[in-house]
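The block underneath contains the structure these notes are about, expressed in structure tokens.
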There are 2 protein chains.
Amino acid sequence: MNGRQVSSSRARVCIQDVARHAGVSAMTVSRALRQPEKVSENLRRRVAEAVDRVGYLPNRIAASLSSSRSNVVGLILPSLRNSLFADTIQGISDVLHGAGHHLMIADSGYGLAGEEAAIRAFLQQRVCGLLLHNTWHTDAARRLIERVGVPVAEIGDLTPEPIDITVSYSNFEAARTMTLLLARRGYRHIGFVTLPLKDNARSVERQRGYLSAVAECGLAADPTLILELPSGIGSGAKAIDRLSEVNPGLDAIFFAGDVLAVGAILECRRRGWAVPGRIAIASFDDVDLLSFTDPPVTTVRIPRYDIGRLSAEAILDRVSGRALKPVTFDLAFQIIERGSA
Amino acid sequence: MNGRQVSSSRARVCIQDVARHAGVSAMTVSRALRQPEKVSENLRRRVAEAVDRVGYLPNRIAASLSSSRSNVVGLILPSLRNSLFADTIQGISDVLHGAGHHLMIADSGYGLAGEEAAIRAFLQQRVCGLLLHNTWHTDAARRLIERVGVPVAEIGDLTPEPIDITVSYSNFEAARTMTLLLARRGYRHIGFVTLPLKDNARSVERQRGYLSAVAECGLAADPTLILELPSGIGSGAKAIDRLSEVNPGLDAIFFAGDVLAVGAILECRRRGWAVPGRIAIASFDDVDLLSFTDPPVTTVRIPRYDIGRLSAEAILDRVSGRALKPVTFDLAFQIIERGSA
DNA sequence: ACAGCTCATGTTATCGATACCATCAACAAA
DNA sequence: TTTGTTGATGGTATCGATAACATGAGCTGT
């Protein structure tokens, strides 16, 4: 007897104890719980009884080790603070929990190195799938994932070099489409405000979309029309300030993310500028607030909940062997035309 | 040889393989990785080399089972969609990941039964600690937690019957204080808008705080001044509508949560009502938007990030044995006086 | 020079469940 | 009656790491 330390107070109940109480073997208990249809009616009842008599809580850690099968999916986001991710998380969670799986969350701190660290940590936890919001990754991260062979879904953007599954929309097309809309409406000096570009494929793609549209329309690609600002409402006001100062002819601004546009609307009102009379405003991401401002803001709506739901489903399909090959879901974004442009 | 199915393609590397390559025992590898100071300089190097030659990823599942120690903390929120929780999650995550721990998240769907299910699931995953936003729980949930003996921190409110650790602020006092402020400012017909009360201790406490303040000031506890509405900006406008219709004398509204107040501000502007001239508005939770509206909104600021940080720290202290007893952190809320009241 | 220590490393049993195979009863087919 | 088949249950090795103890080399002090 190799008496390993056992915290005496709380008696850990294991499957053996249940087996004893039910007068069967551990194996049978395991089966009765996981494949009730495989055991006799009678046994099923006896086991169920024993389970709650002794207060048995199956040990998923042991089950995972034994079956080399995990029921945890890891999600890595740039930041947990950004409320835009909330819908996606809910979509993921709804699917996973509905299927008896669990969700682990980490943030990359908006950095590739941070993402790699999180991936490594999750692989050590033996997650059965990974959901990555980033589409840029370090080489080491890609190698790790490939070597382990874990299913991965990238959900932040469509990408030319997917690791595996992709469930997203085209940031490029979304930004391009919105810019074209502004041009079609007759705006000729369209400012563009982007969130930080560093390590952020989505921001870069949106900017490319803007530039592409501008070129298509034969408008000047004036670098003074572009501004990179940190997230937050305050940045909206700052953008109005800076862009209009340098570009007197400015007649529209496309805010490529977050709640920037709300700040801009408020700032315009403060200045007494008519929107869209004096300046038009467009946004990215349909935060519900945008429909309540005066005027309500024209924006790109992203199917965030669905991205979460579908990506989780794709991962589960892979985990369960129902699907085997990489797939790409190109979810449609939607332009919501409101009064601001 | 009991050939268990092994997916042949991806060779799982285990500690034994590292040991072989380094010419030492598995135990030594384990030590070299976890307690480098316990092995010779020389070995440390050889093991490190072997680790990345063979591409070893420690299996935390096996480690947990073997040591009966987990490095995963479970967090249960009423909903993942609510962006108010984002700061708290970030606080928790920062602490946990800084200590090599992980975060599992589930939502209770704003229901006690949902919470119990999530707790049970997390205990099966053998989390080393639980963070609960609710302070109301089913009896079964309380029994489960007690029997397992896992450290728990309740973070949504201070409570007279804590399970264990509490890290929060007093919803009652916060609401009471704000209501008193309004009364002191001379408002006599103070409306109160609450989020749904069902299964939600926080909402109930806030309402109690309001009622307590109203009573203290000798104002009438008029039930027509109280309105229960679902979350969302739209509810703000609806509240203005309904309350002012029934109560012509209404001179202030205290919105006890979420972004309700923003909707109200926007609605007032639409109606051309002066704030606070025609009606004063106060809010709960300092969403940054509230400081950008016109007028900016007087509100209660909750130290959400700190709640996350401190609760995670408290759990880790308990897990590591540094702390043993239940504690309560009563974090101060803060009244932010702005122009709306 | 030898008991007594310390420090580095190895051996073995174990955590709790599951995969795989063995077994055995009941029953159908020949 | 015998063989084959099906269905229910049990036995044993195993997943991959770690705790606890064992070992053995090098060192100290008297």
Side-chain angles (χ1 to χ4, degrees), chain A residues 1-7 10-20 22-47 50-51 54-71 123-126 128 148, chain B residues 1-7 10-20 22-47 50-51 54-71 123-126 128 148:
Chain A
M1 173 82 170
N2 188 343
R4 186 180 281 211
Q5 181 102 3
V6 164
S7 90
R10 49 187 94 133
R12 279 264 168 255
V13 179
C14 76
I15 203 169
Q16 279 293 354
D17 304 312
V18 179
R20 242 190 310 280
V24 295
S25 77
M27 200 52 236
T28 303
V29 174
S30 177
R31 260 191 300 255
L33 295 176
R34 293 182 306 144
Q35 312 157 343
E37 75 285 359
K38 295 281 232 173
V39 306
S40 67
E41 166 64 33
N42 169 32
L43 249 183
R44 210 176 313 158
R45 228 193 28 258
R46 256 163 60 211
V47 168
V51 161
V54 304
Y56 172 61
L57 274 174
N59 186 330
R60 285 284 325 154
I61 298 271
S64 290
L65 179 61
S66 175
S67 63
S68 18
R69 207 174 291 139
S70 139
N71 64 343
L123 293 180
Q124 296 192 0
Q125 296 288 331
R126 296 298 189 267
C128 64
V148 172
Chain B
M1 173 84 170
N2 189 342
R4 184 181 283 212
Q5 181 103 5
V6 164
S7 89
R10 48 188 95 131
R12 279 261 168 258
V13 179
C14 76
I15 203 170
Q16 279 291 355
D17 304 312
V18 179
R20 243 189 310 279
V24 295
S25 77
M27 198 55 231
T28 303
V29 174
S30 177
R31 262 191 298 252
L33 294 176
R34 294 180 306 143
Q35 312 156 341
E37 75 285 359
K38 293 282 231 175
V39 305
S40 67
E41 166 65 33
N42 169 33
L43 250 181
R44 211 175 311 157
R45 228 193 26 257
R46 256 161 62 210
V47 167
V51 161
V54 304
Y56 172 61
L57 275 174
N59 185 330
R60 286 286 324 156
I61 299 270
S64 290
L65 179 60
S66 175
S67 62
S68 20
R69 207 173 291 138
S70 141
N71 64 343
L123 293 180
Q124 296 191 0
Q125 296 289 333
R126 297 298 189 266
C128 65
V148 172

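What you see is a predicted model, and the numbers here were worked out from it, not measured in a lab. Within every chain, numbering begins at 1; the chains are lettered A, B, ... in the order of the sequence lines, protein sequences first and strands thereafter.
One atom, CG of A/Leu65, and another, C1' of D/dC15, lie 4 Å apart when rounded to the nearest Å. We find that CD1 of A/Ile15 is positioned 11 Å from P of C/dA19, with the value rounded to whole Å. Taking atom CD on A/Gln124 and atom C1' on D/dA17, their separation rounds to 13 Å, with Å as the unit. Put simply, CG on B/Asn42 is 15 Å from C1' on C/dC7, counting in whole angstrom units. If you take CG of B/Leu33 and P of D/dT18, they are 8 Å apart, rounded to a whole angstrom. In this entry the distance linking CZ of B/Arg69 with P of C/dT14 reads 19 Å, nearest Å. The CZ atom of A/Arg44 sits 15 Å away from the P atom of D/dG7 (whole-angstrom rounding). Rounded to whole Å, atom P of C/dT18 lies 8 Å from atom CZ of A/Arg60.
Dashed line: the shortest gap from a side-chain N or O of A/Arg34 to OP1 or OP2 of C/dA17 is not under 4.0 Å. Neither OP1 nor OP2 of D/dT9 sits under 4.0 Å from any side-chain N or O of A/Thr28. For A/Ser40, a side-chain nitrogen or oxygen approaches OP1 or OP2 of D/dT9 to under 4.0 Å. Side-chain nitrogen and oxygen atoms of A/Ser25 include at least one within less than 4.0 Å of the OP1 or OP2 phosphate oxygen of D/dG10.
The nucleotide whose nearest atom lies closest to any side-chain atom of A/Met27 is, among C/dT9, D/dG11, C/dA17, D/dG11. Between D/dT18, C/dC20, D/dA17, one nucleotide has an atom nearer to the side chain of B/Ala62 than all others, and that is D/dA17. Closest to the side chain of A/Val24, from the set D/dG10, D/dT18, C/dG16, is D/dG10. Candidate nucleotides C/dC15, C/dT18, C/dG16 were compared by shortest atom distance to the side chain of B/Ser66, and C/dC15 ranks first. For B/Ser67, whose side chain is taken as the heavy atoms from C-beta onward, the closest listed nucleotide among C/dC15, D/dT18, D/dC15 is D/dT18. Side-chain atoms of B/Val39 lie closest to C/dT9 of the nucleotides C/dC15, C/dA17, C/dT9.
Between the OG atom in A/Ser64 and the CZ atom in B/Arg60 there is a gap of 13.5 Å [rounded to 0.5 Å]. Here the CZ-OG1 distance, from B/Arg44 to B/Thr28, works out to 13.0 Å after rounding to the nearest 0.5 Å. Remark: A/Arg12 CZ to A/Asn59 CG distance equals 8.0 Å, nearest 0.5 Å.
For B/Arg31 against C/dG10, a side-chain N or O and a base N or O form a donor-acceptor pair under 3.5 Å. Scanning atom types as modelled, no donor and acceptor separated by under 3.5 angstrom connect the side chain of B/Arg126 and the base of C/dG16.
Listed for the B/Ser66 side chain is no donor-acceptor partner under 3.5 Å among the backbone atoms of B/Ala62.
Within 4.0 Å (heavy atoms only), B/Ile61 reaches no atom of the nucleic acid at all.
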message: A/Ile61 vs B/Gln124, test: side chain to side chain contact (heavy atoms under 4.5 Å, CB included). Steps then yes/no.
response: CA-CA 8 Å; A/Ile61 298 271; B/Gln124 296 191 0; over 6 Å; no
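Inter-residue side-chain proximity for B/Val47 and B/Val39 is flagged as unmet; no heavy-atom pair is nearer than 4.5 Å.
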